[in-house]
Amino acid sequence: MILLHPMGAYHTLDLELNRKFSLRKAEWDSVSLERIDLACDPTKSADVAAVIMQEGLAHICLITSSMTLVRAKIDVSIPRKRKGFVQQYEKGLAKFFDNVMQAILRHVNFDIVKCVLIASPGFVRDQFYEYMFQTAVKTDNKLLLDNKSKFMLVHASSGFKHSLKEVLQDPAVLNKISDTKASAEVKLLENFYTMLQCEPAKAFYGKKHIEKANEAQAIETLLISDNLFRCQDVNLRKEYVKMVDSVKEYGGDVKIFSSLHISGEQLEQLTGIAAILRFPMPELEDDESGDEED
Amino acid sequence: MSRHRDIRNMDYSDEYDGYDDVYGHSVEDDYYISPSNRQFLYNRENSTRSSEGDIKEEDEVEAQLTDNEKEKLEECIVQINAILESKIIPRNDLVNIIISRNFDVQRVLDVVLDDPKYKQTAGDRRDKVFMQPTTIQSSDLEPSNVKVVASTPKTATNVTKGFELPSKLSTSPRSQSPASGRETPITASTAEGSEDVKGRARDSRIDPHQLYKKERGEGKEHLYMVVIGHVDAGKSTLMGHLLYDIGQVSQRIMHKYEQESRKLGKQSFIYAWVLDETGEERNRGITMDVGRFQFDTKTKSVTLLDAPGHKDFIPNMISGTGQADVALLVVDATRGEFETGFDYGGQTREHALLARSLGVTQLAVAINKLDTVNWSKERFDEIVKKLKAFLKQAGFKESDVTFVPCSGLTGQNLTSKPTENSLAAWYTGPCLLDVIDNFRSPERPISKPFRLSINDIFKGTGAAFCVSGRIETGTLSIGDKVLVCPNRESAVVKSLAIEEVPKTIVFAGDQATVTLSGIEMQNVSVGNILCDPQNPVPVAMRFQARIVVFNVTVPITKGFSVVLHHQSLGEPVIVSKLISQLNKSTGEVLKKHPRFLGNNTSAIVEIQASRPLALELYSECKELGRVMLRVGGVTIAAGLITKIIL
Ligand SMILES: Nc1nc2c(ncn2[C@@H]2O[C@H](COP(=O)(O)OP(=O)(O)OP(=O)(O)O)[C@@H](O)[C@H]2O)c(=O)[nH]1
Ligand SMILES: [Mg+2]
């Protein structure tokens with residue numbers, strides 16, 4: 001089954017595989033067309049699952065090319081180790097691991113998923129992995145045992161969802177997964193921040209600054225959240241489409257971020273629009289209006 | 001007010017079928033577990049020891065022990081009596097408990113100390129009623145007085161079982177009044193001995209300072225010391241060895257650690273095992289969560305908090321440091337190792353900065369593992385010089401920092417003057433234990449409104465549950481009513497303890513274990529604040545903070561996702577606005593609405609959380625007004641809360 005997220009957003013249809021359907025829309029702008037292309041690419045189906053965890057907290061996510069879905073969140077409190085009472089801690093941890101394992105079995109379809117990333121700080125991932133497969137052997141869980149090779153352990157600094165971006169940048173992960181759109185977006189946003197650190201006059205965000213940079217034909221890469229094309233105000237929507245077209249026209253690169261991915265969410269927080277410039281525009285920096293549009 | 005039910009602790013396996021869209025799923029009212037179930041739990045352990053018949057059986061039990069077990073038994077009894085300093089427990093009882101607890105002294109103590117039956121204080125019959133409704137024998141209480149009443153979930157949050165426990169201090173004006181012994185219970189049924197009794201409101205007439213003097217006047221001053229530093233600097237080894245040297249760890253236990261660590265091929269960690277207790281920590285030779293130990297110096301009673309050095313466990317280190325008065329920074333003097341820990345990215349710097357930002361002002365620095373550099377004075381001086389410059393920059397006063405050379409593994413200069421000639425030749429200062437003794441005990445803000453930040457939640461004996469954490473400000477007595485924020489749920493204090501020793505009152509600065517009643521365990525989480533219901537802590541999702549940005553690889557912008565650390569809480573938040581950039585030293589506004597904040601800048605920012613948090617203005621309460629911001633496992637900024645946006 002393909003889950004298609006059309007640009008018009010709020011309707012989601014479940015479509016059966018290999019059945020024809022037609023999609024009608026009064027006006028097809030360039031952005032919409034591109035998204036359709038992307039969504040039609042069969043290699044971009046959901047084949048990566050990720051478990052982001054720390055002691056007591058886990059998020060089980062499925063990653064497709066257009067979105068990251070959090071399928072389950074497990075949040076339990078585990079007693080800390082206390083002098084002479086390590087049993088309560090160890091018991092609490094085992095129960096937590098059991099919950100995570102059950103959630104994986106429930107939400108990960110091993111027929112489709114080719115790779116399950118287990119990410120955590122410290123040794124939680126190793127402990128969990130060990131626990132899961134020990135349990136699988138004990139209970140003779142064929143499903144897990146047969147798919148053991150799909151699991152991959154990676155570092156993440158916390159069990160919060162946004163740590164997924166660290167996971168998606170891990171070179172070992174990049175090697176393993178076929179669909180790298182989510183990773184590519186993380187990388188792009190990272191590039192923007194690096195530029196802001198090293199050459200702040202070549203990195204801007206916020207509509208006003210970006211418009212001015214575009215007028216000067218300075219935009220090398222435009223990062224824009226797909227949510228901006230979904231806003232209620234049709235004119236504003238058109239403005240953004242026009243901006244995308246004109247950046248392309250001037251030879252710039254346009255990257256549309258899925259607001260359903262981790263870095264898209266972040267870009268949205270950062271006004272939804274940012275750009276790396278070809279040449280520095282320090283004059284923009286003095287213009288304080290940039291950040292004031294809330 | 002709609003009570004938001006937390007789904008913590010729920011057994012997920014059956015519950016979350018429909019959790020596909022977690023982005024916006026509300027769990028309110030999805031689950032309902034009767035909060036009053038607990039009342040039907042019958043505490044079997046406590047009720048099996050009251051008849052003569054039982055005692056006889058216990059004698060027989062003792063007779064059946066093997067010699068080996070008898071020996072263990074005697075050892076346990078000696079240890080327990082040493083700790084409890086009296087024979088308040090009949091031997092037979094004790095034997096029975098010891099056997100049922102598998103000769104584990106800690107667990108036995110836990111049972112004994114939690115069981116009011118063994119409290120020394122007379123007139124404690126109420127406690128018995130409180131804990132053991134089924135075994136009361138006192139004739140003046142009708143059985144109906146202690147009948148378990150199922151209450152509706154709505155009132156259950158405010159309910160305590162059993163009786164109000166009066167403060168036992170004779171200075172309390174209340175205890176001299178005719179109503180002595182019980183504070184007016186304000187419940188629907190006000191009959192004598194009714195089950196439902198509300199917690200006591202605070203009495204403002206009592207002067208907390210006077211109470212403090214009375215309670216703690218004679219004893220040694222209590223000091224909480226956190227041990228910090230880069231991974232493998234030798235923190236656990238240093239402290240484990242020190243504890244062994246002053247007799248806090250028995251030779252028998254040390255022998256056991258030696259045998260067991262050798263089996264794992266980890267002999268070099270035997271002293272670290274004193275503090276690294278979990279299997280995982282021992283197998284890996286790495287501290288993962290804060291280890292605790294209690295010891296005395298000449299003038300102080302010290303609670304040691306051994307923080308993990310590994311980068312990934314900094315959240316635990318932050319939580320440990322939040323409870324500490326002073327810090328001991330351990331650095332590895334080995335050539336190359338000091339440099340690794342101190343170079344950009346190493347935890348020597350990050351820990352020191354965190355400690356300072358968390359309010360620690362007094363610091364001792366142990367230049368450790370000097371055995372690996374032949375006790376070289378040059379190496380010591382070189383490291384001291386580098387650290388001095390850095391610590392000064394980090395905000396430590398030079399007069400508040402002491403450097404001490406030592407070796408945790410060989411035990412040089414820990415508890416006595418060095419015996420190693422090459423060290424004694426140039427070092428004449430105090431040994432580590434004396435350096436610790438020389439710390440000044442900090443002020444205790446005991447007259448402020450009560451606040452406690454929860455850093456652990458666990459089951460007590462029987463059906464009760466405990467929270468532990470530091471009393472940041474104010475005082476707390478048994479029977480007090482408290483509010484658990486941000487959820488704003490009420491609870492009543494059933495019992496109090498410090499380091500397993502029961503107390504009737506605890507003060508700001510103490511690390512206490514509080515047994516709560518009238519609240520469900522899953523409604524309390526680590527990072528919550530217990531506070532005085534008449535003077536509650538503000539709860540908000542948005543606030544402003546004045547932050548100092550550390551060394552960052554990418555600048556902070558509007559919309560930056562960070563993990564906020566506030567006491568023991570770690571919470572994902574967003575830096576929603578950059579309000580102004582400030583001059584670091586004068587605080588004067590340099591720029592309004594900066595686009596980004598780079599290295600070493602200072603600024604006012606607005607922070608937005610996705611759920612309510614319990615916070616305080618720094619100006620109101622330093623302890624709860626500090627926050628740390630971390631990204632990708634790195635601390636990027638420390639801040640003080642300047643405005644709470646309700
Ligand atoms: N030569 C020498 N080795 C030491 C000394 N102190 C500790 N070590 C060794 O250093 C290693 C690490 O010691 P730990 O005590 O676990 O270090 P730690 O700082 O507690 O480490 P974490 O808690 O994991 O951050 C062990 O192998 C110790 O034997 C010392 O004074 N001299
Ligand atoms: Mg350690």
Side-chain angles (χ1 to χ4, degrees), chain A residues 54-56 59 69-77 79-86 88-90 92 98-99 102-103 106-107 120-123 127 155-158 160-163 165-166 190 193-194 196-197 200 203-206 209 265-271 285 288 290-292 294, chain B residues 7-9 11-13 16-17 19-23 104-107 110 277-280 284 288-293 310 312-313 315 455-459 522 524-526 552-555 557-561 563 570 572 574 576-578 591-596 598 630-634:
Chain A
Q54 67 187 36
E55 269 181 22
H59 287 92
L69 273 175
V70 178
R71 299 299 293 222
K73 178 181 173 189
I74 291 144
D75 187 350
V76 295
S77 86
R80 284 176 188 263
K81 73 167 192 187
R82 286 181 302 136
K83 188 101 217 76
F85 297 88
V86 287
Q88 266 199 34
Y89 161 77
E90 283 167 353
D98 194 59
N99 285 346
Q102 296 309 328
R106 189 171 294 254
H107 292 292
S120 82
F123 311 109
Q127 279 172 279
H155 182 269
S157 67
S158 77
F160 299 117
K161 199 182 70 183
H162 71 234
S163 282
K165 73 171 188 212
E166 299 162 29
E190 200 63 29
Y193 274 104
T194 309
L196 194 59
Q197 172 91 338
F204 288 91
Y205 62 90
H209 280 167
E265 263 175 44
Q266 273 183 294
L267 180 62
E268 227 182 308
Q269 294 294 338
L270 185 76
T271 70
E285 279 198 278
E288 283 186 6
D291 192 41
E292 272 168 303
D294 280 81
Chain B
I7 52 166
R8 263 160 221 283
N9 267 337
D11 188 348
Y12 262 80
S13 45
Y16 59 157
D17 248 346
Y19 266 63
D20 291 357
D21 188 11
V22 177
Y23 280 101
D104 184 332
V105 176
Q106 288 293 348
R107 289 173 61 204
D110 197 40
E277 287 194 278
T278 65
E280 202 68 26
R284 296 186 190 272
M288 290 161 66
D289 200 352
V290 177
R292 300 170 65 90
F293 220 105
H310 192 290
D312 279 358
F313 305 122
N455 82 71
D456 195 7
I457 301 165
F458 52 92
K459 290 202 182 75
Q522 66 260 30
V524 182
S525 39
V526 167
V552 286
T553 48
V554 299
T557 59
K558 170 197 174 77
F560 220 59
S561 291
V563 180
I574 287 168
S576 46
K577 274 182 198 162
L578 309 183
K591 193 176 184 187
K592 278 199 170 163
H593 305 291
R595 290 199 303 134
F596 63 92
R630 308 193 79 234
V631 171
V634 179

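Within every chain, numbering begins at 1; the chains are lettered A, B, ... in the order of the sequence lines, protein sequences first and strands thereafter.
For the pair A:P200 and B:R595, the minimum side-chain heavy-atom distance is below 4.5 Å. Side-chain contact between B:K558 and A:T271 is present, with heavy atoms from C-beta onward closer than 4.5 Å. Residues B:P572 and A:H162 are in side-chain contact: their nearest non-hydrogen atoms beyond the backbone lie under 4.5 Å apart.
Inspection of the B:T557 and A:Y193 side chains reveals an N or O donor paired with an N or O acceptor under 3.5 Å.
Residues forming a side-chain contact (heavy atoms from CB on, under 4.5 Å) with A:E166 (at least two apart in sequence, or on another chain): A:A156, A:S157, A:S163. B:D312 meets the side chain to side chain donor-acceptor pair (under 3.5 Å) test with A:H155; sequence neighbours excluded.
At least one donor-acceptor pair under 3.5 Å links the side chain of A:Q88 to the backbone N or O of B:K459. The closest donor-acceptor contact from the side chain of A:Q197 to the backbone of B:V552 lies under 3.5 Å.
Options B:P555, B:G598, B:G559 differ in how many heavy-atom pairs under 4.5 Å they form with chain A, and the most are formed by B:P555. Chosen from A:Q127, A:Q54, A:E90, the residue pairing most often with chain B at heavy-atom distances under 4.5 Å is A:Q127. Looking only at heavy-atom pairs under 4.5 Å with chain B, the residue among A:G56, A:S158, A:A203, A:G122 that has the most is A:G122.
Looking at B:R630, neither its backbone nor its side chain comes within 4.5 Å of chain A, counting heavy atoms on both sides.
Aromatic pair B:F596/A:F204: centroids not less than 6.0 angstrom apart.
In terms of heavy-atom proximity, B:N455 sits nearest to A:R80 at O-NE, 2.6 Å.
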